Amino acid sequence: MSKLWGGRFQKKTSAMVDDFHSSISFDCRLYRYDIEGSMAHAEMLGKTGIITPGEAGTIVDGLKEVLSDIENGLVEFSVSAEDIHMNIEQILTDRIGAVAKKLHTARSRNDQVALDIRMYLRDEIDNTVKLLDHLRETLAEMARGHLDTVMPGYTHLQRAQPITLAHHLMAYVQMFGRDRQRLLDCRRRVNVLPLGAGALAGTTFPLDPEFVAGKLGFDGVAQNSLDAVSDRDFAVEFTACASIIMVHLSRFCEEIILWSSAEFSFIELDDEYSTGSSMMPQKKNPDVAELIRGKSGRVFGDLTALLTMLKGIPLAYNKDMQEDKEALFDALDTVKKCLAVIRPMLATLRVRKENMLEAARGGFTNATDLADYLVRKGVPFREAHEIVGRAVFYCVQAGKSLDQLTLEEYSAFSPLVEEDVYTFIAISRCVEARKVLAGPSPDSVRRAIEKSGVN
Ligand code: ARG
């Protein structure tokens with residue numbers, strides 16, 4: 001097949017080069033956007049009189065047919081036509097003849113590819129936001145059921161203070177909520193029309209980019225033709241957003257992995273979302289969570305690939321930029337898959353409330369509350385801290401918890417400890433008393449669920 005750009009050449013491209021520089025194997029997923037973009041472009045060419053309205057109509061009808069044939073699996077793309085843009089133009093030409101050759105008037109593949117990616121990414125951002133919303137709804141639902149499920153909160157992975165599972169889950173609702181905002185903010189910069197920039201310097205034809213922007217649902221039109229064809233910051237930005245989502249997912253998964261170990265025994269994953277071992281019959285492994293944690297690495301890799309690809313290329317378009325697609329697609333596919341699979345894994349897990357409570361009871365998670373008790377009796381906090389520290393040391397030696405100390409034992413540390421200490425340092429009270437904004441008390445968490453705006 002001869003090339004759409006063949007005029008300048010005396011020899012055919014080597015087969016190895018055809019194979020090397022062809023992007024059809026991966027940019028074929030842009031076909032619908034490429035066709036929709038071309039239809040809007042053709043209509044605009046007709047409307048502005050750059051081609052006749054009749055020619056524009058023939059092109060648009062031809063493109064519609066190409067679209068439906070691709071959707072019905074009737075089209076085979078060719079490597080020698082290089083990419084999705086030239087494949088579609090070639091197929092159109094084969095079908096409607098010479099008039100198809102007018103479609104590319106006042107357009108370059110450089111503004112065309114930028115258009116296609118922006119349209120594709122815009123839709124995929126919306127899909128990712130939906131997945132995030134669904135996950136946030138599931139987490140809020142779980143939180144509603146665990147407002148009183150006490151568990152230890154950790155720092156340094158050492159038991160620190162008692163919280164509830166609801167509070168812990170709602171931390172992720174906050175993170176995923178910010179991820180959502182970041183995506184929507186990124187979408188504003190994605191949704192700008194680059195078409196009209198041509199190869200790099202615009203065109204001498206009297207285009208109407210506003211018309212095309214309106215047709216294709218863009219909020220604005222690019223203001224500089226060089227910039228429009230040569231930056232992929234919007235793809236970097238999305239991949240950065242995806243990376244942050246993956247960090248959040250990965251930390252959550254790390255906790256799921258820990259919690260499902262026999263050492264923690266806080267949760268049990270459903271059989272549907274865990275796997276076995278080929279050798280050890282007893283194993284039930286949290287593979288899904290591990291794989292999400294592992295896949296975060298590839299998304300960070302995609303981000304690094306995009307940044308590195310861009311950093312040294314002079315304006316405007318360079319073929320390096322064809323490398324944007326696989327990294328972007330991979331980040332998108334990965335983050336979407338992870339968001340989709342983590343949701344039912346979480347929704348079906350069984351919580352071992354009793355083990356969570358027991359863990360919160362051990363580990364002196366009420367030590368801060370005992371110090372606060374003394375503070376309320378007039379002891380300066382730093383002194384109270386010291387006193388409780390000594391009491392904890394005593395408990396460790398005696399194999400007791402703070403609430404198991406008798407008043408007589410307490411008197412060795414402070415004369416101010418009275419009978420009311422036992423209610424004050426009871427684990428459930430420690431949680432309930434943390435009523436301040438953003439705290440773990442059931443009331444605060446209930447309010448946080450409402451404020452999060454998740455149904
Ligand atoms: N397949 C190319 C890409 O993805 C399309 C743009 C090609 N432009 C060019 N001047 N070779 O970047």
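Indexing begins at 1, ligand by ligand and atom by atom, following the structure's order. Side chains included, hydrogens not; waters and symmetry mates left out as well; all remaining heavy atoms used. Sequence positions, counted from 1, serve as the residue numbers for this chain. In this text the structure is predicted, and so the values were computed from the model without any measurement.
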Looking only at protein heavy atoms, which one is nearest to [atom], and what is the separation?
| atom | value |
| --- | --- |
| atom 2 (C) of ligand 1 | Gln322 OE1, 3.3 Å |
| atom 11 (N) of ligand 1 | Arg109 NH2, 3.5 Å |
| atom 10 (N) of ligand 1 | Asn110 OD1, 3.1 Å |
| atom 6 (C) of ligand 1 | Tyr317 OH, 3.4 Å |
| atom 5 (C) of ligand 1 | Asp83 OD2, 3.4 Å |

Worksheet item: Could you walk me through whether His104 and Trp5 pass the ring-ring contact (aromatic ring centres under 6.0 Å, His included) check?
Response: CA-CA 12 Å; His104 210 52; Trp5 41 253; over 10 Å; no
Item to complete: Could you list which atoms of ligand 1 come closer than 4.0 Å to a heavy atom of Val113?
Response: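 Under 4.0 Å from Val113, ligand 1 has these atoms: 4 (O).
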Item to complete: List every atom of ligand 1 that sits less than 4.0 Å from any heavy atom of Ser23, numbering the atoms from 1 in the order shown and giving each element.
Response: 1 (N)
Discussion item. If I apply the N/O under 3.5 Å rule, does Lys325 come out as touching ligand 1?
Written reply: yes
Worksheet item: Taking N or O atoms only and a 3.5 Å limit, does Glu82 qualify as a polar contact for ligand 1?
Response: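 In fact, backbone or side chain, Glu82 has no N or O that close.
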Discussion item. List the residues meeting salt bridge (Lys or Arg N to Asp or Glu O under 4.0 Å) with Asp69, not counting sequence neighbours, and say none if there are none.
Written reply: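 In terms of salt bridge (Lys or Arg N to Asp or Glu O under 4.0 Å), with neighbours along the sequence ignored, Asp69 is linked to Arg95.
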Discussion item. Using the rule given for side-chain hydrogen bond (donor to acceptor under 3.5 Å, both in side chains), can you reason through Asn355 versus Glu358, listing the C-alpha separation, both sets of side-chain angles and the distance that settles it, and then say yes or no?
Written reply: CA-CA 5 Å; Asn355 292 350; Glu358 205 180 297; over 6 Å; no
Worksheet entry | Rounded distance [0.5 Å steps], CZ in Arg343 versus NE2 in His134 |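 Rounded to the nearest 0.5 Å, the CZ-NE2 separation comes to 4.0 Å.
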Donor-acceptor contact present, side-chain [X] to main-chain [Y], <3.5 Å:
| X | Y | answer |
| --- | --- | --- |
| Asn191 | Arg187 | no |
| Gln223 | Val221 | yes |
| Asn285 | Lys283 | no |

